[in-house]
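Written below as structure tokens is the structure these notes are about.
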Amino acid sequence: MGQWWQQRNGREQRLLSIAAAVLGLTLLVGGLYLPLLRAGDQARDQVQQAELDLLAGRRYAAQIGGTADLAAGSSTLPTGPDRSLMARVDSGLRDAGLSSVLSRIEPDGDGRVRLWLDDAPFDGVIAWLEGLTGRVGVKVIDASVDRAAGPGQVRVRLTLERG
């Protein structure tokens, strides 16, 4: 191999060196970086789905008269800044007494969540949103508020994002 390399002129040696570096970099990116990136995305999706399942389970438990711990939301979700947006929103809804009017919640891309509140008290929704955007670090990207059947009640569609 050494004799073959020595027989190449300087220009060929540079060209072959550059080609080997590009090939090595391509193999490194395609063989290591991209699979790790995909695995991280899959793990994030699994966490979001697990949180959705937990929220649905809590709602169903509250609807059918489940245990007070499930309805109140005692869980082992992380606390503080490491909590996901879904966990922050769920905790805020429970604290504001609005978890019973939550009809649907789903992730919307990376770092966003969409939710639907039906027949919610307007004053409670406004107070919850104020607390959510102020102390929890969540901002409202899109909001739609419509009047519901009862007095002082609204149907709300929100898209929230980490602030």
Side-chain angles (χ1 to χ4, degrees), residues 1-2 4-5 8 11-64 66-67 69-96 98-118 120 125 128-146 155-163:
M1 180 74 171
W4 177 83
W5 181 258
R8 306 289 138 223
R11 186 175 184 188
E12 286 178 334
Q13 287 179 355
R14 281 190 304 274
L15 183 61
L16 288 170
S17 297
I18 291 171
V22 168
L23 179 63
L25 184 62
T26 302
L27 289 174
L28 184 64
V29 168
L32 187 64
Y33 177 71
L34 291 178
L36 286 175
L37 193 62
R38 275 188 228 111
D41 289 343
Q42 287 175 343
R44 190 175 15 265
D45 291 344
Q46 287 174 345
V47 167
Q48 287 180 342
Q49 186 59 47
E51 288 177 347
L52 285 173
D53 293 344
L54 176 63
L55 295 175
R58 285 182 184 161
R59 241 177 317 168
Y60 295 137
Q63 287 175 356
I64 62 173
T67 65
D69 287 342
L70 281 176
S74 76
S75 70
T76 58
L77 288 175
T79 59
D82 292 338
R83 284 185 7 168
S84 71
L85 178 61
M86 195 85 67
R88 291 179 190 188
V89 169
D90 178 53
S91 175
L93 283 169
R94 279 186 283 109
D95 292 347
L98 296 173
S99 60
S100 62
V101 296
L102 177 66
S103 64
R104 188 169 153 193
I105 186 168
E106 63 186 32
D108 183 27
D110 191 31
R112 287 188 178 184
V113 65
R114 289 188 299 174
L115 61 119
W116 291 256
L117 303 173
D118 290 328
V125 171
W128 169 67
L129 283 174
E130 183 179 2
L132 195 65
T133 57
R135 63 183 156 82
V136 181
V138 174
K139 59 183 176 178
V140 177
I141 300 300
D142 186 37
S144 170
V145 180
D146 296 317
R155 283 188 307 269
V156 182
R157 308 298 176 254
L158 294 169
T159 302
L160 305 173
E161 179 178 71
R162 285 185 185 207

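Note that these values count all heavy atoms, side chains included, but never hydrogens, waters or copies made by symmetry.
Contact of the L160 side chain with the V140 side chain is registered, since non-hydrogen atoms from C-beta on lie closer than 4.5 Å. Using a 4.5 Å cut-off on side-chain heavy atoms (C-beta onward), D118 and R157 make contact.
Taking CG of L15 as the reference point, atom CZ of R8 lies at 11.5 Å (rounded to 0.5 Å). Taking CH2 of W116 as the start and OG of S144 as the end, the distance is 11.0 Å to the nearest 0.5 Å. Between atom CG of residue L37 and atom CG of residue L32 there is a gap of 11.0 Å, rounded to the nearest 0.5 Å. Between L85 atom CG and L132 atom CG the span is 8.0 Å, to the nearest 0.5 Å. Rounding to the nearest 0.5 Å places CG of L158 at 10.0 Å from CD1 of I105. Once rounded to the nearest 0.5 Å, the distance linking CD1 of I141 with CZ of R112 reads 4.5 Å.
Ionic pairing of R38 and D41 is not present here: no N-O contact between side-chain nitrogen and carboxylate oxygen is shorter than 4.0 angstrom.
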Inset, instruction - Check the pair W128, V156 against side chain to side chain contact (heavy atoms under 4.5 Å, CB included), reporting the backbone distance first and the verdict last. - result: CA-CA 12 Å; W128 169 67; V156 182; over 6 Å; no
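Nearest heavy atoms, L98 versus L117: O-CD2, 4.4 Å. Closest non-hydrogen pair, P35 versus V29, comes out as CD-O, 4.3 Å.
Within a 6.0 Å sphere centred on CD of E106, other residues, nucleotides and ligands contribute more than 12 heavy atoms.
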